[in-house]
Amino acid sequence: MENALAGKRVLITQADAFMGPVLCEVFAEQGADVVASADDLAVVDAAERVVRAAGHIDVVVANLAIKAPSTAAVEVTDAEWRDVFAALVDPLPRLVRVAAPAMVERRAGKILLMGSASALRGMKRASTYSAARGAQLAYVQAIGMELAAHNVQVNAVAQNFVDNPTYFPPEVQANPRFQERLAREVPLGRLVSAREDALFAAYLCSPAADCFVGQVFPVCGGWVGR
């Protein structure tokens, strides 16, 4: 894949965390004019402010992440639930409300969520995080169907066991218990590299991927198969 995003102006949110840095790097290599935002989109008016400041946008990459709580389900507080949904779910409709109308008018555009495969497979002590990631995927599938008629494609990467500093920093990767878990649970036998993930994201944001509508693509080394 070469210059797959030439001429495209791409907004990448939370560009300083999760997959943000490598997405910015790979998308620029593919010819995109990258607008990298590090704003906290949990703030109610932040999404609108970021989109309007970016000007013309062909692609929005909703890269949203927080440190995942590990609270037992019966101990999850209302505050934890609200905070996680505020960070991961609430920014999505705000981004779409501001960015999608111009895409619909032009009959061209893409929105890609960098989500999590934790929504596709149960994990202990992850109820709040998994629920929020699941809400993200449900939202993408719904608006993907709605916006497809306007030639705007909305899809999601549902990832886990992808090398990134937010969820798999070096100290985690070096932990023998993590290495044992990786060997036990991930058929690939290693983390998906950050570039592998980002290149796939770039493909999904390119004209070559105009045929995908509201789809969720696991990128997790086989941890889940759907």
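What you see below is based on every heavy atom in this structure, not just the backbone, and it leaves out hydrogens, waters and symmetry mates. If you're wondering where the values come from, they're calculated on a predicted model, not measured in any experiment.
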Kindly compute the distance separating CZ (Arg121) from CE (Met123), expressed to the nearest 0.5 Å. 9.0 Å

Minimum-distance pair of heavy atoms, taken over all atoms of Pro91 and Ala47: O-CB, 4.4 Å

Within-4.5 Å side-chain heavy-atom neighbours: His56 and Arg106: yes

At their closest point, which heavy atom of Ala158 faces which heavy atom of Leu120, and how far apart are they? CB-CD1, 4.0 Å

Electrostatic pair Glu196:Arg190 at N-O distance under 4.0 angstrom: yes

Joint cluster assignment, Tyr139 & Val44, ILVMFWY side-chain distance < 4.5 Å: no

Decide side chain to side chain contact (heavy atoms under 4.5 Å, CB included) for Val59 and Leu112; before the verdict, give the C-alpha distance in whole Å, the side-chain angles of both, and the deciding distance to 0.1 Å. CA-CA 8 Å; Val59 177; Leu112 180 68; 5.6 Å; no

Sort out for me which residue in Asp197, Val22, Val157 forms a side-chain contact (heavy atoms from CB on, under 4.5 Å) with Val162. Asp197

Phe168 side chain reached by Asn160 side chain, heavy atoms, under 4.5 Å: yes

Tell me if the CE atom of Met145 is crowded by more than 12 foreign heavy atoms within 6.0 Å. no

How far apart are the closest heavy atoms of Gly144 and Val213, and which atoms are they? O-CG1, 3.4 Å

Salt bridge check: are Arg9 and Asp58 linked by an N-O gap of less than 4.0 Å? no

Side chain proximity check, Leu113 to Ile111, heavy atoms < 4.5 angstrom: no

Mind checking whether Asn63 and Leu23 have side chains closer than 4.5 Å, heavy atoms only? yes

So which atom in Ala132 and which in Val89 form the shortest heavy-atom distance, rounded to 0.1 Å? O-CG2, 3.4 Å

Do Phe27 and Cys205 touch side chain to side chain, with heavy atoms closer than 4.5 Å? yes

Does a side-chain N-to-carboxylate-O contact under 4.0 Å join Glu25 and Arg195? yes

Shortest non-hydrogen contact from Tyr129 toward Ser118: CE2-OG, 3.4 Å

Distance (rounded to the nearest 0.5 Å) between Thr77 OG1 and Arg82 CZ: 7.5 Å

Step-by-step side chain to side chain contact (heavy atoms under 4.5 Å, CB included) determination, Leu41 to Arg94: CA-CA 9 Å; Leu41 296 189; Arg94 295 170 185 158; over 6 Å; no

Side chains of Lys67 and Thr166: does their closest heavy-atom pair fall under 4.5 Å? no

Would you give the length of the straight line joining atom CD of Gln173 to atom CD of Glu171, rounded to the nearest 0.5 angstrom? 9.0 Å

Main chain of Val152, side chain of Arg107: is a donor-acceptor contact present, judged purely on distance under 3.5 Å? no

Any luck finding a side-chain donor-acceptor pair between Gln14 and Asp39 under 3.5 Å? no

Would you call Ser193 and Asp163 a side-chain contact if the rule is heavy atoms closer than 4.5 Å? no

Return the minimal non-hydrogen interatomic distance between Val192 and Gly221, and the atom names on each side. CG2-N, 3.7 Å

Looking at OG of Ser70 and CZ of Arg125, how far apart are the two atoms once the value is rounded to the nearest 0.5 Å? 5.5 Å

Could you walk me through whether Val60 and Met103 pass side chain to side chain contact (heavy atoms under 4.5 Å, CB included), step by step? CA-CA 10 Å; Val60 173; Met103 296 179 180; 4.0 Å; yes

Working to the nearest 0.5 angstrom, can you tell me the gap between Cys220 SG and Leu191 CG? 11.5 Å

Looking only at atom types and distance, does a side-chain atom of Asn155 sit under 3.5 Å from a main-chain N or O of Gly214, one as donor and one as acceptor? yes

If I take atom OH from residue Tyr203 and atom CD from residue Gln30, how far apart are they, to the nearest 0.5 angstrom? 13.0 Å

Working for side chain to side chain contact (heavy atoms under 4.5 Å, CB included), residues Val98 and Arg52: CA-CA 8 Å; Val98 186; Arg52 297 203 185 285; 3.9 Å; yes

Does the side chain of Ser116 pick up a donor-acceptor pair with the side chain of Gln159 at under 3.5 Å? no

Hey, does the side chain of Gln141 reach the backbone of Leu137 with a donor-acceptor pair shorter than 3.5 angstrom? yes

So that I can tick it off, tell me whether Glu180 and Arg184 are bridged by a salt bridge, with the cut-off set at under 4.0 angstrom between side-chain N and carboxylate O. no

If Ile, Leu, Val, Met, Phe, Trp and Tyr residues are connected whenever their side-chain heavy atoms lie under 4.5 Å apart, and connections chain through other members, are Val224 and Leu182 in the same group? yes

Within a strict 4.5 Å, meaning less than it, do heavy atoms of the Gln136 and Leu88 side chains meet? yes

Hey, would you say the Tyr167 and Phe18 ring centroids sit under 6.0 Å apart? yes

